[in-house]
Amino acid sequence: MSNIILQAKDITRTYVEGKVNTCVLKKVNLDIYSDEITAIIGKSGSGKSTLLHILGTLDTQTSGDIIFKGQNLSGFSANQKAQFRNRNLGFVYQFHHLLGDFTAMENVMMPLLIGGTDVETATRTAKENLEKVGLSHRLNYRPSELSGGERQRVAIARALAHHPDLILADEPTGNLDAQNAQDIFALFTDLVRKEHIAVVMVTHDNSLAAKCDRVYQMKDGVIDAN
Ligand code: ADP
Ligand code: MG
């Protein structure tokens, strides 16, 4: 049984540059369900990243509401949003953004240690998460010693640090070859089934989108009914 975990209600986003207002999201409505992978597809510049940032409270909408498990996040302060993100969300990007001087273990432990988790617990959790992404044999490797697909797996393990309910991924396979893209997608599928999380994935890859549970297509700042 899938439940709605996140809702966007009439989301608009207008960028103001000098006297020019550019409306890049125009009353976007969508529902994200737990235990599902949702794809957001659409041409470059159609507003996908802006929408994902707003869904993740990293950017603030000009109007409209984001509802997480029935709670309206719109009135949250910056601190409340940061706390909300830490507790509930994981982020994955096209580029892994791992720290080059640190091992896979250390990269995954970092957000836990910063969040005040003790070293013993952080070590155990990081090991578990790296195991979940299939990297038990790479714990002490640095990013430069890992393949592109492996680096993205470490980034996913790091996103799992605080047991998120929802992972927001902006073109997570955009920098990978076809086989690695399939493998990362299979990993997301696995995490959704086993960890009962939701994944929202922005992608250019229509073959991956076709395998998702739900697809929203963006066109010039609106969700295209398809
Ligand atoms: P996508 O991820 O689908 O390629 P984006 O959400 O990044 O699209 O961008 C949507 C539109 O918003 C584009 O026209 C882009 O130029 C514009 N845009 C994005 N960020 C900003 C910003 N900080 N200031 C002004 N315009 C922006
Ligand atoms: Mg984008």
Side-chain angles (χ1 to χ4, degrees), residues 5-32 36-68 73-74 76-78 81-82 84-85 89-98 148-149 151-153 155-156 158-159 164 166-178 180-182 184-185 187-188 197-226:
I5 181 167
L6 186 72
Q7 292 177 289
K9 292 201 178 287
D10 288 335
I11 292 295
T12 65
R13 177 69 168 100
T14 302
Y15 288 113
V16 182
E17 285 171 294
K19 288 180 183 165
V20 183
N21 285 358
T22 313
C23 190
V24 303
L25 296 178
K26 303 160 187 165
K27 296 223 173 201
V28 169
N29 287 282
L30 54 74
D31 297 328
I32 305 299
E36 285 195 2
I37 302 190
T38 299
I40 299 177
I41 59 172
K43 286 188 185 146
S44 186
S46 59
K48 305 181 298 297
S49 292
T50 304
L51 176 60
L52 202 73
H53 289 151
I54 289 173
L55 293 178
T57 75
L58 292 168
D59 185 20
T60 303
Q61 64 273 23
T62 304
S63 66
D65 292 304
I66 299 294
I67 317 285
F68 184 83
L73 307 182
S74 306
F76 275 25
S77 68
K81 282 181 182 172
F84 163 78
R85 285 194 298 274
L89 306 183
F91 293 91
V92 178
Y93 299 95
Q94 182 174 355
F95 301 100
H96 53 81
H97 300 295
L98 298 174
R151 281 177 214 151
Q152 201 57 311
R153 284 172 191 274
I156 293 168
R158 182 182 53 184
L166 173 63
I167 289 184
L168 299 171
D170 198 349
E171 307 202 26
T173 65
N175 202 32
L176 301 175
D177 61 45
N180 272 301
Q182 292 288 345
I184 291 294
F185 182 78
L187 170 60
F188 278 135
I197 55 172
V199 172
V200 178
M201 182 177 76
V202 170
T203 183
H204 271 114
D205 187 333
N206 286 335
S207 71
L208 291 188
K211 292 188 201 169
C212 289
D213 299 299
R214 201 173 295 269
V215 181
Y216 292 109
Q217 173 151 22
M218 294 213 56
K219 203 173 173 184
D220 295 331
V222 300
I223 301 273
D224 214 19
N226 47 2

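The model shown is predicted, which means the values in this text are computed figures rather than measured ones. The chain is numbered in sequence order, starting from 1. Remember, it's 1-based here, ligands and their atoms both numbered in the order they're listed.
The minimum heavy-atom distance linking Lys48 with Ile41 is given by the pair CD-C, 3.7 Å. When all heavy atoms are compared, the tightest approach of Leu25 to Met218 is CD2-CE, 3.7 Å. Pairing each heavy atom of Val222 with each of Val28, the nearest pair is CA-CG2, 4.5 Å. Of all the heavy atoms in Leu52 and Val200, the pair that sits closest is CD1-CG1, 3.7 Å. Of all heavy-atom pairs between His204 and Ser44, the closest is NE2-N, 4.2 Å.
The side-chain heavy atoms of Tyr15 and Thr50, taken from C-beta on, include a pair separated by under 4.5 Å. Proximity of Gln182 to Leu208: side-chain heavy atoms (C-beta onward) are separated by under 4.5 Å at one or more points.
Within ligand 1, counting atoms from 1 as listed, the ones closer than 4.0 Å to a heavy atom of Ser49 are 1 (P), 2 (O), 6 (O), 7 (O). Listed by atom number, the atoms of ligand 1 under 4.0 Å from Lys43 heavy atoms are 3 (O). Of all atoms in ligand 1, listed by their number and element, those nearer than 4.0 Å to a heavy atom of Glu17 are 25 (C). Close approach of ligand 1 to Val24 is summarised as follows: ligand atoms under 4.0 Å from at least one heavy atom of the residue are 11 (C), 12 (O), 17 (C). Short contacts between ligand 1 and Thr50, defined as distances under 4.0 Å to a heavy atom of the residue, involve ligand atoms 5 (P), 6 (O), 9 (O).
Between Tyr93 and Phe91, the ring-plane angle classifies as parallel under the 30° and 60° cut-offs.
Some N or O of Lys48 is nearer than 3.5 Å to an N or O of ligand 1, by distance alone. On a distance-only criterion, Gly45 and ligand 1 share at least one N/O pair closer than 3.5 Å.
Residue Ser44 places a heavy atom less than 4.0 Å from ligand 1. Ligand 1 lies out of reach of Met218, whose nearest heavy atom is not under 4.0 Å from it.
Atom 16 (O) of ligand 1 lies below 4.0 Å from none of the non-hydrogen atoms of the protein. The protein reaches atom 11 (C) of ligand 1 closely, with a heavy atom under 4.0 angstrom from it.
Taking backbone and side-chain atoms together, Ser49 has an N/O/S atom less than 2.8 Å away from the Mg ion (ligand 2).
The neighbour count for Lys81 NZ, taken as heavy atoms of other residues, nucleotides or ligands under 6.0 Å away, is above 12.
At the shortest separation from atom 25 (C) of ligand 1 among protein heavy atoms lies Tyr15 CG, 3.4 Å.
When the heavy atoms of Gly42, Gly47, Cys23 are ranked by distance to atom 8 (O) of ligand 1, first place goes to Gly47.
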